[in-house]
There are 2 protein chains.
Amino acid sequence: MDQHAESPRTRYITTASAVFAQKGYHAASLAGIADRLGVTKQALLHFFGSKARLYEEVLSALSDRLLRSIENVEGTTPETKLRTFFLQLSEDALCNVEDTQLVARALLDAQTTSENWPMKPFLDALGALAHKTKRWSKASDAELFCWIYQNIGSIQHFAISQTTLKGMYGKEAFDVLKETHQAQLRAALADLEEDPV
Amino acid sequence: MDQHAESPRTRYITTASAVFAQKGYHAASLAGIADRLGVTKQALLHFFGSKARLYEEVLSALSDRLLRSIENVEGTTPETKLRTFFLQLSEDALCNVEDTQLVARALLDAQTTSENWPMKPFLDALGALAHKTKRWSKASDAELFCWIYQNIGSIQHFAISQTTLKGMYGKEAFDVLKETHQAQLRAALADLEEDPV
DNA sequence: GTATAAACTTACCACTTGGTAAGTTGTCAA
DNA sequence: TTGACAACTTACCAAGTGGTAAGTTTATAC
(Lines give C-alpha, C1' and ligand atoms only; values in the text may rest on other atoms or scores of the structure.)
Protein backbone atom coordinates (compact mmCIF):
# COMPACT_ATOMS: atom_id res chain seq x y z
CA MET A 1 0.00 0.00 0.00
CA ASP A 2 0.91 3.65 -0.19
CA GLN A 3 2.36 3.04 -3.64
CA HIS A 4 0.10 5.62 -5.22
CA ALA A 5 1.17 9.21 -4.78
CA GLU A 6 -2.52 10.02 -4.47
CA SER A 7 -3.17 7.62 -1.65
CA PRO A 8 -5.54 9.45 0.69
CA ARG A 9 -3.26 8.87 3.63
CA THR A 10 -0.23 10.52 2.03
CA ARG A 11 -2.49 13.22 0.61
CA TYR A 12 -3.63 14.01 4.13
CA ILE A 13 -0.07 14.13 5.40
CA THR A 14 0.98 16.48 2.62
CA THR A 15 -1.78 18.97 3.33
CA ALA A 16 -1.37 18.68 7.09
CA SER A 17 2.34 19.32 6.62
CA ALA A 18 1.61 22.57 4.80
CA VAL A 19 -0.84 23.80 7.43
CA PHE A 20 1.39 22.86 10.37
CA ALA A 21 4.29 24.62 8.65
CA GLN A 22 2.35 27.81 8.05
CA LYS A 23 0.50 28.06 11.35
CA GLY A 24 2.38 25.92 13.83
CA TYR A 25 1.04 22.98 15.80
CA HIS A 26 -1.37 24.76 18.10
CA ALA A 27 -2.70 27.32 15.65
CA ALA A 28 -3.44 24.59 13.13
CA SER A 29 -6.74 22.80 13.72
CA LEU A 30 -7.92 19.45 12.47
CA ALA A 31 -11.03 21.11 11.07
CA GLY A 32 -8.88 23.60 9.19
CA ILE A 33 -6.72 20.89 7.64
CA ALA A 34 -9.80 18.85 6.78
CA ASP A 35 -11.42 21.85 5.13
CA ARG A 36 -8.49 22.23 2.77
CA LEU A 37 -8.86 18.55 1.87
CA GLY A 38 -12.60 18.72 1.38
CA VAL A 39 -13.30 16.18 4.13
CA THR A 40 -14.38 16.34 7.74
CA LYS A 41 -11.92 16.26 10.60
CA GLN A 42 -13.11 12.77 11.48
CA ALA A 43 -11.53 11.52 8.27
CA LEU A 44 -8.21 12.61 9.74
CA LEU A 45 -8.99 11.10 13.12
CA HIS A 46 -9.96 7.86 11.40
CA PHE A 47 -6.48 7.51 9.90
CA PHE A 48 -4.28 9.00 12.56
CA GLY A 49 -6.23 8.67 15.80
CA SER A 50 -5.22 12.05 17.19
CA LYS A 51 -3.82 15.41 16.20
CA ALA A 52 -0.55 14.63 17.98
CA ARG A 53 -0.03 11.43 15.97
CA LEU A 54 -0.82 13.20 12.70
CA TYR A 55 1.88 15.71 13.58
CA GLU A 56 4.30 12.89 14.33
CA GLU A 57 3.67 11.44 10.89
CA VAL A 58 4.21 14.86 9.35
CA LEU A 59 7.59 15.15 11.09
CA SER A 60 8.48 11.60 10.13
CA ALA A 61 7.72 12.31 6.47
CA LEU A 62 9.83 15.47 6.77
CA SER A 63 12.68 13.43 8.19
CA ASP A 64 12.50 11.05 5.22
CA ARG A 65 12.46 13.91 2.74
CA LEU A 66 15.53 15.52 4.33
CA LEU A 67 17.45 12.27 4.37
CA ARG A 68 16.61 11.51 0.76
CA SER A 69 17.73 15.00 -0.27
CA ILE A 70 21.25 14.01 0.78
CA GLU A 71 21.19 10.49 -0.59
CA ASN A 72 19.94 11.62 -3.99
CA VAL A 73 22.31 14.55 -4.43
CA GLU A 74 24.21 14.45 -7.70
CA GLY A 75 27.97 14.50 -7.93
CA THR A 76 30.98 12.20 -8.08
CA THR A 77 33.29 13.48 -5.35
CA PRO A 78 32.16 14.23 -1.79
CA GLU A 79 33.22 17.83 -2.36
CA THR A 80 30.90 18.44 -5.29
CA LYS A 81 28.12 16.48 -3.61
CA LEU A 82 28.35 18.60 -0.49
CA ARG A 83 28.55 21.83 -2.43
CA THR A 84 25.60 21.10 -4.69
CA PHE A 85 23.67 19.89 -1.67
CA PHE A 86 24.04 23.21 0.15
CA LEU A 87 23.28 25.24 -2.96
CA GLN A 88 20.19 23.15 -3.60
CA LEU A 89 19.14 23.44 0.03
CA SER A 90 19.46 27.19 -0.19
CA GLU A 91 17.32 27.32 -3.31
CA ASP A 92 14.72 24.91 -1.96
CA ALA A 93 14.53 26.78 1.31
CA LEU A 94 13.73 30.00 -0.53
CA CYS A 95 11.18 28.81 -3.08
CA ASN A 96 9.62 26.08 -0.94
CA VAL A 97 9.68 27.41 2.59
CA GLU A 98 7.38 24.91 4.21
CA ASP A 99 9.94 22.32 5.20
CA THR A 100 12.17 25.03 6.56
CA GLN A 101 9.33 26.36 8.64
CA LEU A 102 8.55 22.89 9.93
CA VAL A 103 12.13 22.40 11.04
CA ALA A 104 12.28 25.78 12.75
CA ARG A 105 8.97 25.19 14.52
CA ALA A 106 10.11 21.75 15.65
CA LEU A 107 13.30 23.26 17.07
CA LEU A 108 11.36 25.96 18.92
CA ASP A 109 8.81 23.56 20.34
CA ALA A 110 11.49 21.07 21.39
CA GLN A 111 12.32 23.58 24.11
CA THR A 112 9.27 22.42 26.04
CA THR A 113 8.27 19.12 24.43
CA SER A 114 10.74 16.26 24.49
CA GLU A 115 10.65 14.82 20.99
CA ASN A 116 12.20 12.04 19.01
CA TRP A 117 14.56 14.32 17.06
CA PRO A 118 13.39 13.80 13.47
CA MET A 119 16.42 15.65 12.09
CA LYS A 120 19.07 13.37 13.54
CA PRO A 121 19.36 10.96 10.58
CA PHE A 122 19.65 13.93 8.25
CA LEU A 123 22.38 15.62 10.25
CA ASP A 124 24.30 12.39 10.71
CA ALA A 125 24.22 11.66 6.99
CA LEU A 126 25.33 15.18 6.24
CA GLY A 127 28.15 14.85 8.74
CA ALA A 128 29.25 11.55 7.20
CA LEU A 129 29.32 13.10 3.75
CA ALA A 130 31.30 16.12 4.90
CA HIS A 131 33.74 13.90 6.70
CA LYS A 132 34.75 12.35 3.38
CA THR A 133 35.95 15.69 2.01
CA LYS A 134 39.65 16.53 2.21
CA ARG A 135 38.85 19.82 3.87
CA TRP A 136 37.17 18.15 6.83
CA SER A 137 38.66 14.65 6.91
CA LYS A 138 41.12 15.54 9.65
CA ALA A 139 38.95 17.99 11.56
CA SER A 140 37.25 17.18 14.83
CA ASP A 141 33.60 16.21 14.81
CA ALA A 142 32.75 19.42 16.63
CA GLU A 143 34.51 21.65 14.11
CA LEU A 144 32.90 19.86 11.20
CA PHE A 145 29.47 19.92 12.75
CA CYS A 146 29.71 23.61 13.60
CA TRP A 147 30.64 24.43 10.04
CA ILE A 148 27.66 22.43 8.76
CA TYR A 149 25.33 23.95 11.29
CA GLN A 150 26.50 27.45 10.55
CA ASN A 151 25.67 27.02 6.87
CA ILE A 152 22.30 25.46 7.58
CA GLY A 153 21.59 28.18 10.11
CA SER A 154 22.23 31.07 7.79
CA ILE A 155 20.27 29.38 4.99
CA GLN A 156 17.34 28.64 7.25
CA HIS A 157 17.34 32.04 8.89
CA PHE A 158 17.41 33.81 5.57
CA ALA A 159 14.60 31.67 4.16
CA ILE A 160 12.41 32.23 7.18
CA SER A 161 13.08 35.97 7.09
CA GLN A 162 11.96 36.20 3.49
CA THR A 163 8.56 37.73 4.16
CA THR A 164 9.85 40.07 6.83
CA LEU A 165 12.73 41.30 4.69
CA LYS A 166 10.42 41.95 1.76
CA GLY A 167 8.08 43.80 4.09
CA MET A 168 10.85 45.89 5.63
CA TYR A 169 12.93 46.77 2.58
CA GLY A 170 10.73 46.00 -0.43
CA LYS A 171 10.78 43.21 -2.98
CA GLU A 172 13.45 44.74 -5.20
CA ALA A 173 15.90 45.17 -2.34
CA PHE A 174 15.19 41.62 -1.25
CA ASP A 175 16.04 40.25 -4.69
CA VAL A 176 19.42 41.94 -4.48
CA LEU A 177 19.89 40.54 -0.98
CA LYS A 178 18.95 37.08 -2.21
CA GLU A 179 21.54 37.08 -4.96
CA THR A 180 24.19 38.46 -2.66
CA HIS A 181 23.32 35.84 -0.08
CA GLN A 182 23.72 33.02 -2.56
CA ALA A 183 26.93 34.49 -3.90
CA GLN A 184 28.36 34.57 -0.38
CA LEU A 185 27.26 30.99 0.15
CA ARG A 186 29.02 29.95 -3.05
CA ALA A 187 32.14 31.77 -1.89
CA ALA A 188 32.06 30.01 1.46
CA LEU A 189 31.67 26.65 -0.24
CA ALA A 190 34.65 27.35 -2.48
CA ASP A 191 36.82 26.58 0.55
CA LEU A 192 35.90 22.95 0.09
CA GLU A 193 38.35 22.61 -2.80
CA GLU A 194 41.20 23.92 -0.70
CA ASP A 195 43.44 21.97 1.62
CA PRO A 196 42.60 21.70 5.32
CA VAL A 197 43.93 24.52 7.48
CA MET B 1 4.97 56.45 35.24
CA ASP B 2 6.60 53.10 34.53
CA GLN B 3 9.66 54.33 36.37
CA HIS B 4 9.55 51.40 38.80
CA ALA B 5 10.95 48.16 37.45
CA GLU B 6 8.20 46.44 39.42
CA SER B 7 5.39 48.38 37.84
CA PRO B 8 2.57 45.87 37.35
CA ARG B 9 2.29 46.72 33.69
CA THR B 10 5.93 45.98 32.91
CA ARG B 11 5.79 42.94 35.18
CA TYR B 12 2.93 41.62 33.08
CA ILE B 13 4.80 42.26 29.87
CA THR B 14 7.88 40.46 31.18
CA THR B 15 5.97 37.34 32.12
CA ALA B 16 3.86 37.42 28.96
CA SER B 17 7.08 37.72 26.99
CA ALA B 18 8.43 34.55 28.56
CA VAL B 19 5.26 32.57 27.92
CA PHE B 20 4.88 33.77 24.33
CA ALA B 21 8.52 32.89 23.72
CA GLN B 22 8.20 29.39 25.11
CA LYS B 23 4.82 28.44 23.67
CA GLY B 24 4.19 30.77 20.76
CA TYR B 25 1.28 33.14 20.32
CA HIS B 26 -1.53 30.64 19.84
CA ALA B 27 -0.42 28.04 22.34
CA ALA B 28 -0.05 30.71 25.04
CA SER B 29 -3.30 31.59 26.76
CA LEU B 30 -4.21 34.68 28.75
CA ALA B 31 -5.27 32.44 31.63
CA GLY B 32 -1.90 30.68 31.55
CA ILE B 33 0.05 33.94 31.66
CA ALA B 34 -2.20 35.27 34.41
CA ASP B 35 -1.67 32.09 36.44
CA ARG B 36 2.08 32.62 36.43
CA LEU B 37 1.50 36.16 37.68
CA GLY B 38 -0.97 35.14 40.36
CA VAL B 39 -3.78 37.20 38.89
CA THR B 40 -6.81 36.51 36.73
CA LYS B 41 -6.77 36.93 32.98
CA GLN B 42 -9.03 39.99 33.34
CA ALA B 43 -6.13 41.81 34.97
CA LEU B 44 -4.31 41.44 31.66
CA LEU B 45 -7.36 42.46 29.65
CA HIS B 46 -7.77 45.49 31.90
CA PHE B 47 -4.32 46.77 30.92
CA PHE B 48 -4.00 45.63 27.35
CA GLY B 49 -7.55 45.24 26.08
CA SER B 50 -6.87 42.11 24.07
CA LYS B 51 -4.41 39.27 23.67
CA ALA B 52 -3.25 40.65 20.33
CA ARG B 53 -2.38 44.02 21.84
CA LEU B 54 -0.53 42.39 24.73
CA TYR B 55 1.54 40.52 22.16
CA GLU B 56 2.20 43.77 20.32
CA GLU B 57 3.53 45.32 23.51
CA VAL B 58 5.71 42.27 24.08
CA LEU B 59 7.21 42.65 20.61
CA SER B 60 7.61 46.38 21.11
CA ALA B 61 9.49 45.82 24.36
CA LEU B 62 11.64 43.25 22.56
CA SER B 63 12.40 45.79 19.85
CA ASP B 64 13.53 48.30 22.50
CA ARG B 65 15.73 45.73 24.19
CA LEU B 66 17.41 44.78 20.92
CA LEU B 67 18.03 48.39 19.97
CA ARG B 68 19.47 49.24 23.39
CA SER B 69 21.79 46.21 23.17
CA ILE B 70 23.50 47.93 20.24
CA GLU B 71 23.46 51.43 21.66
CA ASN B 72 24.92 50.34 24.99
CA VAL B 73 27.65 48.12 23.61
CA GLU B 74 31.08 48.97 24.98
CA GLY B 75 34.06 49.84 22.83
CA THR B 76 35.79 52.84 21.27
CA THR B 77 36.13 51.93 17.60
CA PRO B 78 33.26 50.61 15.46
CA GLU B 79 35.29 47.45 14.93
CA THR B 80 35.52 46.54 18.61
CA LYS B 81 31.94 47.61 19.18
CA LEU B 82 30.69 45.34 16.43
CA ARG B 83 32.84 42.44 17.55
CA THR B 84 31.85 42.63 21.20
CA PHE B 85 28.25 43.05 20.15
CA PHE B 86 28.20 39.80 18.22
CA LEU B 87 30.05 37.92 20.94
CA GLN B 88 27.65 39.25 23.54
CA LEU B 89 24.68 38.40 21.34
CA SER B 90 25.94 34.86 20.99
CA GLU B 91 26.35 34.49 24.74
CA ASP B 92 22.96 36.07 25.50
CA ALA B 93 21.23 33.92 22.92
CA LEU B 94 22.57 30.79 24.57
CA CYS B 95 21.96 31.55 28.24
CA ASN B 96 18.80 33.62 27.78
CA VAL B 97 16.98 32.01 24.87
CA GLU B 98 13.65 33.73 25.25
CA ASP B 99 14.34 36.78 23.12
CA THR B 100 15.80 34.57 20.44
CA GLN B 101 12.70 32.42 20.47
CA LEU B 102 10.49 35.50 20.24
CA VAL B 103 12.35 36.73 17.19
CA ALA B 104 12.21 33.34 15.49
CA ARG B 105 8.50 32.96 16.20
CA ALA B 106 7.82 36.48 14.93
CA LEU B 107 9.66 35.66 11.71
CA LEU B 108 7.73 32.44 11.25
CA ASP B 109 4.36 34.00 11.93
CA ALA B 110 5.10 36.97 9.68
CA GLN B 111 4.65 34.52 6.81
CA THR B 112 0.89 34.75 7.30
CA THR B 113 0.36 37.83 9.46
CA SER B 114 1.47 41.19 8.13
CA GLU B 115 3.24 42.86 11.02
CA ASN B 116 4.95 46.10 11.83
CA TRP B 117 8.48 44.62 11.71
CA PRO B 118 9.72 45.16 15.27
CA MET B 119 13.27 44.23 14.32
CA LYS B 120 13.80 46.93 11.74
CA PRO B 121 15.27 49.60 14.07
CA PHE B 122 17.65 46.99 15.44
CA LEU B 123 18.85 45.84 12.04
CA ASP B 124 19.20 49.40 10.77
CA ALA B 125 21.28 50.41 13.79
CA LEU B 126 23.44 47.34 13.37
CA GLY B 127 23.90 48.12 9.70
CA ALA B 128 24.85 51.71 10.48
CA LEU B 129 27.42 50.54 13.00
CA ALA B 130 28.92 48.01 10.62
CA HIS B 131 29.09 50.61 7.88
CA LYS B 132 31.51 52.63 9.99
CA THR B 133 34.07 49.83 10.03
CA LYS B 134 36.90 49.90 7.51
CA ARG B 135 36.08 46.37 6.41
CA TRP B 136 32.57 47.33 5.30
CA SER B 137 32.78 51.07 4.62
CA LYS B 138 33.10 50.58 0.88
CA ALA B 139 30.91 47.51 0.53
CA SER B 140 27.42 47.59 -0.90
CA ASP B 141 24.48 47.62 1.47
CA ALA B 142 23.50 44.16 0.31
CA GLU B 143 26.94 42.65 0.99
CA LEU B 144 27.10 44.23 4.40
CA PHE B 145 23.59 43.20 5.32
CA CYS B 146 24.14 39.63 4.20
CA TRP B 147 27.24 39.37 6.32
CA ILE B 148 25.35 40.68 9.34
CA TYR B 149 22.39 38.44 8.69
CA GLN B 150 24.59 35.41 8.22
CA ASN B 151 26.14 35.93 11.63
CA ILE B 152 22.82 36.56 13.33
CA GLY B 153 21.37 33.53 11.56
CA SER B 154 24.00 31.09 12.72
CA ILE B 155 23.86 32.48 16.27
CA GLN B 156 20.09 32.30 16.40
CA HIS B 157 19.89 28.88 14.81
CA PHE B 158 22.45 27.46 17.21
CA ALA B 159 20.70 28.98 20.23
CA ILE B 160 17.32 27.64 19.20
CA SER B 161 18.78 24.20 18.53
CA GLN B 162 20.24 24.02 22.02
CA THR B 163 17.66 21.66 23.47
CA THR B 164 17.52 19.48 20.38
CA LEU B 165 21.31 19.18 20.15
CA LYS B 166 21.56 18.25 23.82
CA GLY B 167 18.82 15.68 23.30
CA MET B 168 20.45 14.19 20.22
CA TYR B 169 24.10 14.11 21.22
CA GLY B 170 24.16 14.59 24.99
CA LYS B 171 25.10 17.52 27.16
CA GLU B 172 28.85 16.91 27.12
CA ALA B 173 28.99 16.82 23.34
CA PHE B 174 26.93 19.98 23.23
CA ASP B 175 29.37 21.82 25.49
CA VAL B 176 32.17 20.99 23.08
CA LEU B 177 30.00 22.16 20.19
CA LYS B 178 29.22 25.37 22.02
CA GLU B 179 32.86 26.26 22.55
CA THR B 180 33.74 25.36 18.99
CA HIS B 181 30.85 27.44 17.75
CA GLN B 182 32.01 30.48 19.67
CA ALA B 183 35.58 29.95 18.59
CA GLN B 184 34.48 29.91 14.96
CA LEU B 185 32.48 33.06 15.54
CA ARG B 186 35.52 34.77 17.01
CA ALA B 187 37.56 33.67 14.02
CA ALA B 188 34.99 35.06 11.61
CA LEU B 189 34.95 38.36 13.48
CA ALA B 190 38.73 38.61 13.31
CA ASP B 191 38.30 39.63 9.66
CA LEU B 192 37.00 42.96 10.91
CA GLU B 193 40.54 44.13 11.66
CA GLU B 194 41.68 43.40 8.13
CA ASP B 195 41.40 45.64 5.11
CA PRO B 196 38.43 45.39 2.76
CA VAL B 197 38.77 42.79 0.02
C1' DG C 1 -16.10 62.21 55.02
C1' DT C 2 -16.81 61.72 50.34
C1' DA C 3 -15.89 61.44 45.38
C1' DT C 4 -12.99 59.57 41.94
C1' DA C 5 -10.43 56.54 39.65
C1' DA C 6 -7.15 52.73 39.17
C1' DA C 7 -6.55 47.90 39.74
C1' DC C 8 -8.42 44.43 39.98
C1' DT C 9 -12.27 39.91 40.65
C1' DT C 10 -16.45 37.14 39.90
C1' DA C 11 -19.77 35.72 36.76
C1' DC C 12 -20.97 34.85 32.38
C1' DC C 13 -21.07 34.18 27.18
C1' DA C 14 -20.30 32.66 22.39
C1' DC C 15 -17.26 30.05 20.08
C1' DT C 16 -13.65 26.70 18.91
C1' DT C 17 -10.98 22.87 20.14
C1' DG C 18 -9.77 17.67 20.09
C1' DG C 19 -12.08 13.53 20.72
C1' DT C 20 -16.00 9.69 21.12
C1' DA C 21 -19.92 6.98 19.48
C1' DA C 22 -22.72 5.48 16.25
C1' DG C 23 -24.15 5.35 11.93
C1' DT C 24 -23.61 5.29 6.41
C1' DT C 25 -21.67 4.20 2.01
C1' DG C 26 -19.08 1.63 -1.29
C1' DT C 27 -16.17 -2.25 -2.68
C1' DC C 28 -14.98 -6.76 -3.11
C1' DA C 29 -14.60 -11.77 -1.93
C1' DA C 30 -17.08 -16.20 -1.15
C1' DT D 1 -26.86 -12.55 -1.79
C1' DT D 2 -24.43 -11.89 1.93
C1' DG D 3 -20.67 -10.68 5.02
C1' DA D 4 -16.76 -8.01 6.00
C1' DC D 5 -14.13 -4.25 5.97
C1' DA D 6 -12.30 0.27 4.83
C1' DA D 7 -13.41 5.00 4.42
C1' DC D 8 -15.75 7.92 5.65
C1' DT D 9 -20.10 11.33 7.89
C1' DT D 10 -23.41 13.15 11.27
C1' DA D 11 -24.26 14.07 15.91
C1' DC D 12 -22.56 15.11 20.12
C1' DC D 13 -19.62 16.41 24.24
C1' DA D 14 -16.51 18.35 27.81
C1' DA D 15 -12.89 21.46 28.13
C1' DG D 16 -10.71 25.56 27.02
C1' DT D 17 -10.51 30.02 24.42
C1' DG D 18 -10.81 35.31 24.18
C1' DG D 19 -13.84 38.77 25.54
C1' DT D 20 -17.90 41.57 28.00
C1' DA D 21 -20.38 43.37 31.96
C1' DA D 22 -20.81 44.39 36.36
C1' DG D 23 -19.20 44.48 40.70
C1' DT D 24 -15.38 45.10 44.59
C1' DT D 25 -11.37 46.80 46.84
C1' DT D 26 -7.94 50.29 47.68
C1' DA D 27 -5.56 54.57 47.57
C1' DT D 28 -5.58 59.31 46.79
C1' DA D 29 -7.59 64.13 46.25
C1' DC D 30 -10.43 67.51 47.86
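In what follows, every chain begins at residue 1, and chains take the letters A, B, ... in the order their sequences are listed. Just so it is clear, the model here is predicted, and its values are computed rather than measured. The figures that follow rest on heavy atoms only: side chains count, while hydrogens, waters and symmetry mates do not.
- In this structure a side-chain-to-backbone donor-acceptor pair under 3.5 Å is present from A:T180 to A:V176.
- We find that CG of A:L54 is positioned 10 Å from P of C:dG19, with the value rounded to whole Å.
- Under the 6.0 Å cut-off for aromatic ring centres, B:F145 and A:F174 do not qualify, their centroids lying 6.0 Å or more apart.
- Look at CZ on A:R11: it is 13 Å from P on D:dA7, rounded to the nearest Å.
- Rounded to an integer number of Å, the gap from B:F47 CZ to D:dG19 P is 17 Å.
- Scanning residues 39-46 of chain A for heavy-atom distances under 4.0 Å to DNA chain D yields A:V39, A:T40, A:Q42, A:A43, A:H46.
- Remark: side-chain polar atoms of A:T15 are not paired, donor with acceptor, to backbone N or O of A:Y12 under 3.5 angstrom.
- Rounding to whole angstrom units, CG of residue A:L37 and P of D:dC8 are separated by 10 Å.
- For A:D99 and A:R65, the salt-bridge test passes: some basic side-chain N is under 4.0 Å from an acidic carboxylate O.
- Rounded to a whole Å, the CG atom of A:D35 is 11 Å from the P atom of D:dT9.
- At a non-hydrogen distance threshold of 4.0 Å, nothing from residues 17-33 of chain A comes into contact with DNA chain D.
- Judged by the 6.0 Å distance and 45° axis criteria, B:K51 is positioned over the aromatic ring of B:Y25.
- In this structure, B:F20 and B:E98 have side chains that are not in contact, with every pair of non-hydrogen atoms separated by 4.5 Å or more.
- A:S161 approaches B:Y149 most closely through the heavy-atom pair OG-OH, 2.7 Å.
- Backbone-only engagement by A:Y12 is indicated by non-hydrogen atom pairs under 4.0 Å involving sugar-phosphate atoms exclusively.
- With salt bridges taken as basic N to acidic carboxylate O contacts below 4.0 Å, one links B:R105 and A:D109.
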